[in-house]
Amino acid sequence: MKISVPRETHPGESRAPLTPDSLGKLVKLGAQVEIEAGLGLAAGFSDEAYLKAGAIITADRKELISGGDIVLRLRKPPVEEIAWLKQGAIHASLLDPFNEKELVQKFAEHGVSAISMEFIPRTTRAQKMDVLSSQANLGGYVAVIQAASHVNKIFPMMTTAAGTILPAKIFIIGAGVAGLQAIATAKRLGAKVTAYDTRPVVEEQVKSLGAQFLKIDLGETGQTKEGYAKALTEEQIQKQREAMKKTCGDSDIVITTAQVFGRRAPILVTNEMLDAMKPGSAVIDMAVESGGNVEGVVYDQVTERKGVKIVGVANLPARVPLHASQVYAANLVALVEEFWDKKEKTFVLKLDDEIIKGCLITHGGKIVNEKLLPKPN
Ligand code: NAD
């Protein structure tokens, strides 16, 4: 079976879907793995390293993509490249399927079995394939590093001959995978951290990292069976904003990570809250790619409002591309290994398997994923 891996073409994308080590694992399974020249250069992996691991390297992208029984990528493909895929090929990458209706339709029309890595179910068995978690974890780390370079002070407390410097105060909104890593990173740097999330189960996790949990009584909030937050009502959001305004005003840094699966991120930090913050402080919006949690945030830009920096830098995991590629590739390889028939040396698309049912979005010329099909009345 041939696995083809083209280079990422999205502007600013430095991550690679496979590293030499992970490629070596696929070769060991008996797969023929062909990659596009320069695949990992931006992440720090040379073509020679891939060659050593057993790769075939080509500069002919079209031939590479059209020859693959399985095509592995990181981001969604440019729409025009879907027509290059073999009928019956398997394509696995992030696909943003709720927002990419045309792309999904094209995959179906071309008879490709498209796997959306966002849809890997959140079960214990599938944890090792969970790219959202592996990338969000690194994103949380980078958000704190970004914050450190945009705020006007240091993080730790210092007692010096010139007096005592008090620790920076950081408020983290949304304590899922990214938020918890941001808390841990900020604590390591010596900051005083407060965090908030609508899912009540998070309080214990926040406290175990040594941070304070901001309690806001919003009534019923809860989470889905996969651990995602449910969307709040307008009234709940209003109540939340009022309660958070004071903590924002009291903080040197606010990091927002709040997302609601499949929907636009909620606006949590309003202009009024920004105005309550001190000049020189900074807000990092980690939800900028799904619309942003901060009013007025500009995608992939750092802007300023009355002396407060609003950091909307996108694709934070790509700022640490070596490790981001390493963990993304490990997730992909775990998926391939799980469904690999060692005797036949092929990937078996088990349509009745819970993981495949969760993440397969097109197959046999049709859209097959229930999350993308019209809801029955
Ligand atoms: P996410 O990226 O969808 O959201 C980030 C955080 O924002 C979440 O904690 C969410 O509760 C919070 N949020 C949403 N709306 C908010 C609001 N209005 N105000 C404040 N916070 C808000 O979520 P995620 O980080 O990918 O995952 C959430 C949880 O899923 C994890 O903490 C974990 O418990 C669970 N999980 C389970 C598995 C597994 O079982 N395999 C894998 C990964 C994550």
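All values below come from the heavy atoms of this structure, side chains included, with hydrogens, waters and symmetry mates left out. Residue numbers run from 1 in the order of the sequence given.
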Around atom [atom1] of [X], are there more than 12 heavy atoms of other residues, nucleotides or ligands at under 6.0 Å?
{"X": "Q87", "atom1": "CD", "value": "no"}
{"X": "K246", "atom1": "NZ", "value": "no"}
{"X": "E63", "atom1": "CD", "value": "no"}

Working to the nearest 0.5 angstrom, can you tell me the gap between [X] [atom1] and [Y] [atom2]?
{"X": "L94", "Y": "E100", "atom1": "CG", "atom2": "CD", "value": "11.5 Å"}
{"X": "E235", "Y": "I237", "atom1": "CD", "atom2": "CD1", "value": "11.5 Å"}
{"X": "C248", "Y": "M277", "atom1": "SG", "atom2": "CE", "value": "6.0 Å"}
{"X": "E337", "Y": "K28", "atom1": "CD", "atom2": "NZ", "value": "10.0 Å"}

Are [X] and [Y] grouped together when hydrophobic residues (ILVMFWY) are joined by side-chain heavy atoms under 4.5 angstrom apart?
{"X": "I154", "Y": "I253", "result": "no"}
{"X": "L332", "Y": "F347", "result": "yes"}
{"X": "L138", "Y": "L74", "result": "no"}
{"X": "I70", "Y": "V368", "result": "yes"}
{"X": "I267", "Y": "V294", "result": "no"}

**Request:** Could you point out which residue of R61, K76, K62 forms a salt bridge (charged side-chain N to carboxylate O under 4.0 Å, His left out) with E81?
**Result:**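 It is R61, the one option of R61, K76, K62 that forms the salt bridge (charged side-chain N to carboxylate O under 4.0 Å, His left out) with E81.
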May I ask you to decide whether [X] forms a salt bridge with [Y], counting only side-chain N to carboxylate O separations under 4.0 Å?
{"X": "R125", "Y": "D353", "answer": "yes"}
{"X": "R73", "Y": "E8", "answer": "no"}
{"X": "D275", "Y": "R305", "answer": "yes"}
{"X": "E203", "Y": "K207", "answer": "yes"}
{"X": "K106", "Y": "E102", "answer": "yes"}

I'd like to know if the side chain of [X] pairs up with that of [Y] as donor and acceptor (distance under 3.5 Å, no hydrogens or angles considered).
{"X": "T270", "Y": "E295", "answer": "no"}
{"X": "S208", "Y": "E204", "answer": "no"}
{"X": "S281", "Y": "D252", "answer": "no"}
{"X": "D341", "Y": "T346", "answer": "no"}

**Item:** Residue pairs, two or more places apart or on separate chains, that pass salt bridge (charged side-chain N to carboxylate O under 4.0 Å, His left out) and touch residues 128-139
**Value:**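 As it turns out, the salt bridge (charged side-chain N to carboxylate O under 4.0 Å, His left out) pairs with a partner in residues 128-139, which skip direct neighbours, are R122-D130, K128-E338.
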Heavy-atom check, side chain of [X] versus side chain of [Y], under 4.5 Å:
{"X": "Q240", "Y": "Q236", "value": "no"}
{"X": "V131", "Y": "I120", "value": "no"}
{"X": "V71", "Y": "V5", "value": "no"}
{"X": "L18", "Y": "L26", "value": "yes"}
{"X": "E304", "Y": "I310", "value": "no"}
{"X": "F213", "Y": "T194", "value": "no"}
{"X": "S93", "Y": "L72", "value": "no"}
{"X": "L39", "Y": "F45", "value": "no"}

So, does [X] use its side chain to make a donor-acceptor pair with the main chain of [Y] at under 3.5 Å?
{"X": "R75", "Y": "T9", "answer": "no"}
{"X": "S251", "Y": "V254", "answer": "no"}
{"X": "D197", "Y": "V202", "answer": "no"}
{"X": "R7", "Y": "A16", "answer": "no"}
{"X": "W340", "Y": "L29", "answer": "yes"}
{"X": "N293", "Y": "L268", "answer": "no"}
{"X": "Q32", "Y": "I3", "answer": "no"}
{"X": "D69", "Y": "K2", "answer": "yes"}
{"X": "S4", "Y": "L64", "answer": "yes"}
{"X": "K309", "Y": "V302", "answer": "no"}

Taking all atoms of both residues into account, what is the closest heavy-atom pair of [X] and [Y], and its distance?
{"X": "L95", "Y": "S116", "value": "CD1-CA, 3.9 Å"}
{"X": "L214", "Y": "Y196", "value": "O-CD1, 3.1 Å"}
{"X": "K345", "Y": "G30", "value": "CD-CA, 3.8 Å"}
{"X": "L372", "Y": "I367", "value": "CB-CG2, 4.0 Å"}
{"X": "A53", "Y": "V27", "value": "O-CG2, 3.8 Å"}
{"X": "A182", "Y": "V144", "value": "O-CG2, 3.4 Å"}

**Prompt:** What residues, two or more places apart in sequence or in another chain, satisfy ring pair (Phe, Tyr, Trp, His ring centres under 6.0 Å) together with Y299?
**Reply:**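 Expected list: none.
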With a 3.5 Å cut-off and sequence neighbours excluded, list the donor-acceptor pairs that the side chains of residues 311-322 form with protein atoms.
residue, atom, partner, partner atom, Å
N315, OD1, R15, NH2, 3.1
N315, ND2, E13, OE1, 2.9

**Message:** Let's go through L180 and L209 carefully: what are the C-alpha distance in whole Å and the side-chain angles of both, what is the deciding distance for side chain to side chain contact (heavy atoms under 4.5 Å, CB included) to 0.1 Å, and is it a yes or a no?
**Reply:** CA-CA 8 Å; L180 289 174; L209 290 169; 3.8 Å; yes
With a cut-off of 3.5 Å and sequence neighbours excluded, list every side-chain donor-acceptor pair involving residues 356-366.
residue, atom, partner, partner atom, Å
T362, OG1, V112, O, 2.8
T362, OG1, A114, N, 3.2
H363, ND1, S113, OG, 2.8

**Request:** Please report the C-alpha distance between Q127 and T123 in whole Å, then the side-chain angles of each, then the deciding distance to 0.1 Å, and finally whether the side-chain hydrogen bond (donor to acceptor under 3.5 Å, both in side chains) criterion is met.
**Result:** CA-CA 6 Å; Q127 216 164 359; T123 57; over 6 Å; no
**Message:** side chain to side chain contact (heavy atoms under 4.5 Å, CB included) for T198 and L232? Distances and angles first, verdict last.
**Reply:** CA-CA 9 Å; T198 50; L232 300 182; 3.7 Å; yes
**Message:** Go through it in stages, so that I can follow the logic: the residues are I56 and V33, the test is side chain to side chain contact (heavy atoms under 4.5 Å, CB included), and I'd like the CA-CA distance, side-chain angles, deciding distance and then a yes or no.
**Reply:** CA-CA 6 Å; I56 302 165; V33 190; over 6 Å; no
**Pairs involving residues 78-110, ordered by first then second residue, that meet ring-ring contact (aromatic ring centres under 6.0 Å, His included) (sequence neighbours left out)** =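 Pairs touching residues 78-110 that pass the test: H91-F107, F98-F119, F98-F261.
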Side-chain atoms of residues 160-176: list all donor-acceptor pairs with protein atoms under 3.5 Å, sequence neighbours left out, distances to 0.1 Å.
residue, atom, partner, partner atom, Å
T160, OG1, A162, N, 3.0
T160, OG1, G163, N, 3.4
T160, OG1, G163, O, 2.9

